*Asks:* 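First the structure, which I've put down as structure tokens, then a few questions once you've had a look.
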Amino acid sequence: MTNRSVLESGLASSAIPQVVEEQLQQTSFIDVHTHLFMPSLGKVGLWGIDELITYHYLEAELFRSNDIQPADYWKLPKQAKADLIWQTLFVENAPVSEATRGVIAVLHAFGLPTGGDNLREARDFFASQNLENHIQNVFRLAGISEAVMTNDPLDPEEAPLWETGVEAHPLFHPVLRLDRILNKWPEHWQGLADRGYRVDAQAGGASVAEVRRFLADWCARMRPVYMACSLPDTFAYPEESIRGKLLAQAVLPSCREFGVPLSVMIGVRYLVNPALKLAGDALGKADLRAVERLALENPQNRFLISVLSRENQHELCVYARKFSNLMPFGCWWFLNNPSIVEEMTRERLEMLGTSFIPQHSDARVLEQVIYKWRNTRRTMAPILTNMYRLLAEDGRPVTQADVQKDITRLFRTNFLRFTGAASV
Ligand code: FIX
Ligand code: ZN
């Protein structure tokens with residue numbers, strides 16, 4: 001069979017870019033990790049221009065381009081913070097970083113001025129929005145069908161809302177986030193004790209069973225699609241520590257009991273500069289032998305996994321080839337820059353085929369999903385186009401149905417199958 005006839009039975013090489021572009025645009029993605037909240041969780045959910053501008057990514061960039069000291073910045077009211085960041089990063093300097101360009105893309109998506117010297121018009125626009133309609137519109141503009149939240153059962157603002165009962169929302173999936181229990185037990189065991197769980201500071205006695213009871217109560221209350229925890233670059237497994245004990249004896253068994261994966265996000269160096277608060281975290285290369293042991297010693301557990309260091313990405317791909325209970329997802333946080341997303345995604349396609357989840361937004365402010373998913377589609381298009389061209393050249397015709405199936409798998413079914421979650 002000549003090359004010509006092989007190509008004839010599939011898409012012509014010149015047609016592949018447009019088909020890829022169309023399928024990326026037509027497929028609604030599932031945003032598997034965000035810090036967005038459904039409306040019934042009230043003001044923990046952030047949206048609007050002042051939240052967009054005071055995003056911790058931009059706060060970190062502010063202190064590089066303005067002499068204000070963090071301590072003085074934190075004293076400012078929200079709008080004054082936003083005005084200072086707008087003036088510094090968008091008026092006095094060109095908004096060329098990924099995060100500043102993102103704000104421009106959001107303003108542009110709503111037909112708002114991107115070059116003005118004040119935020120008045122944008123503030124008026126967002127103030128006039130009805131939240132429910134705005135969410136629908138934002139998800140449509142972002143090309144996502146639903147978002148997975150990050151819900152903290154010990155958060156002083158959020159937890160009482162769940163405990164008194166909150167209305168679920170079809171576009172938002174809950175997740176049980178366990179950082180306070182696994183990473184900050186000394187500060188937070190009292191929170192469980194105050195709620196009637198017989199735990200102690202050493203996680204001794206009935207603590208393990210009581211933490212399992214706590215997780216069972218929250219699984220019944222929240223019906224999470226997965227449990228999750230971010231972990232430091234020093235994370236080790238197994239480990240002689242309260243985290244090691246609670247992870248092995250409480251969290252992993254509970255995940256098996258409720259049939260949900262555990263999402264582990266590894267590589268954070270927390271608050272390397274505490275003065276910057278949320279913007280003060282950094283990253284470190286982790287020893288992924290912890291992942292090897294986690295996957296090997298818990299074959300009945302499924303792990304969504306994201307690692308923060310660029311230097312850990314190749315290892316993660318190799319471990320995912322060894323352990324089918326690992327599902328790599330996203331280009332997390334400091335990796336969520338088009339140049340690195342491109343590098344990671346090419347490597348993952350070459351090593352894992354379409355058996356991974358390329359991206360999540362990690363949006364902390366509702367409208368951020370618009371630019372984060374726009375960037376992802378823009379980065380994915382040439383990567384997938386090149387991949388299909390190579391496949392056709394190697395002798396396998398590529399059809400529109402192939403492209404549609406692969407994109408749906410990457411951005412929807414891998415997540416739905418791995419979690420067992422039901423989509424909207
Ligand atoms: O741990 C996490 O879920 C991180 O994504 C966040 O803590 C981080 O602050 C963030 O916003 C990253 O984009
Ligand atoms: Zn996050």
Side-chain angles (χ1 to χ4, degrees), residues 30-37 44-47 51-63 97-103 142 144 147-155 157-158 172-184 188 224-235 243 261-284 286 303-310 312 328-338 340-341 344 357-373 375-376 415:
I30 297 175
D31 196 341
V32 305
H33 172 59
T34 76
H35 298 269
L36 303 180
F37 297 90
V44 289
L46 306 179
W47 62 287
E51 299 298 347
L52 280 170
I53 303 274
T54 55
Y55 181 36
H56 70 84
Y57 288 32
L58 294 175
E59 290 174 331
E61 293 175 27
L62 170 75
F63 297 118
S97 71
E98 188 267 345
T100 50
R101 237 183 343 99
V103 173
I144 60 172
V148 177
M149 303 183 281
T150 295
N151 309 99
D152 182 343
L154 291 171
D155 179 275
E157 265 189 272
E158 186 188 356
F172 293 89
H173 296 284
V175 154
L176 199 48
R177 182 76 180 230
L178 305 174
D179 291 44
R180 291 182 205 239
I181 290 175
L182 289 177
N183 297 336
K184 297 183 179 166
H188 293 287
V225 288
Y226 60 78
M227 297 189 198
C229 191
S230 79
L231 295 158
D233 59 334
T234 55
F235 171 64
R243 173 173 52 225
L262 176 67
S263 171
V264 286
M265 307 175 81
I266 305 171
V268 189
R269 294 187 63 73
Y270 299 99
L271 292 178
V272 295
N273 182 353
L276 300 192
K277 300 188 179 178
L278 205 48
D281 295 334
L283 67 86
F303 300 93
L304 287 160
I305 178 161
S306 212
V307 287
L308 195 48
S309 166
R310 195 177 182 178
N312 278 142
F329 77 94
C331 304
W332 182 27
W333 200 344
F334 306 112
L335 299 166
N336 194 358
N337 295 299
I340 304 176
V341 172
M344 287 172 64
I357 300 170
Q359 189 57 299
H360 64 276
S361 74
D362 230 318
R364 279 184 174 272
V365 182
L366 176 67
E367 298 84 359
Q368 289 173 339
V369 291
I370 295 172
Y371 78 85
K372 290 183 185 254
W373 286 111
N375 283 348
T376 298
F415 176 74

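Computed from a prediction, not measured in an experiment: that's the story for all the values here. We count ligands from 1, going down the list as the structure has it; atoms in each ligand are counted the same way. These values consider heavy atoms only, across backbone and side chains, with no hydrogens, waters or symmetry-generated copies.
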*Asks:* For the atom pair CG (Leu52) and CG (Leu46), what is the distance rounded to the nearest 0.5 Å?
*Replies:* 9.5 Å

*Asks:* For Phe329 and His33, take the angle between the two ring planes, folded into 0 to 90°, and tell me which bin it lands in: parallel under 30, tilted 30 to 60, perpendicular over 60.
*Replies:* perpendicular

*Asks:* Going by heavy atoms in the side chains, are Met265 and Ile305 under 4.5 Å from each other?
*Replies:* no

*Asks:* Looking only at the side chains, is there a donor atom on one of Asn336 and Glu98 sitting less than 3.5 Å from an acceptor on the other?
*Replies:* no

*Asks:* With side chain to side chain contact (heavy atoms under 4.5 Å, CB included) as the test, would you mind laying out the steps for Leu36 and Met149 before giving the verdict?
*Replies:* CA-CA 6 Å; Leu36 303 180; Met149 303 183 281; 5.6 Å; no

*Asks:* When you measure from the side chain of Asn312 to the backbone N and O of Val307, does any donor-acceptor pair fall under 3.5 Å?
*Replies:* no

*Asks:* Give me the protein N, O or S atoms that fall under 2.8 Å of the Zn ion (ligand 2), sorted by chain and residue number.
*Replies:* His33 NE2, His35 NE2, Asp362 OD1

*Asks:* If I take atom CG from residue Leu271 and atom CG from residue Leu276, how far apart are they, to the nearest 0.5 angstrom?
*Replies:* 9.0 Å

*Asks:* Compute both the distance and the angle, then confirm whether Lys372 meets the cation-pi test with Tyr57: under 6.0 Å from the six-membered ring centre, within 45 degrees of the axis.
*Replies:* yes

*Asks:* Tell me the residues surrounding ligand 1, counting only those with a heavy atom closer than 4.0 angstrom, sorted by chain and number.
*Replies:* His33, His35, His56, Tyr57, Arg177, Ser230, Trp332, Trp333, Asp362, Arg364

*Asks:* Using only atom types and a distance under 3.5 Å, with no angle test, would you say the side chain of Thr34 pairs donor to acceptor with the backbone of Val148?
*Replies:* yes

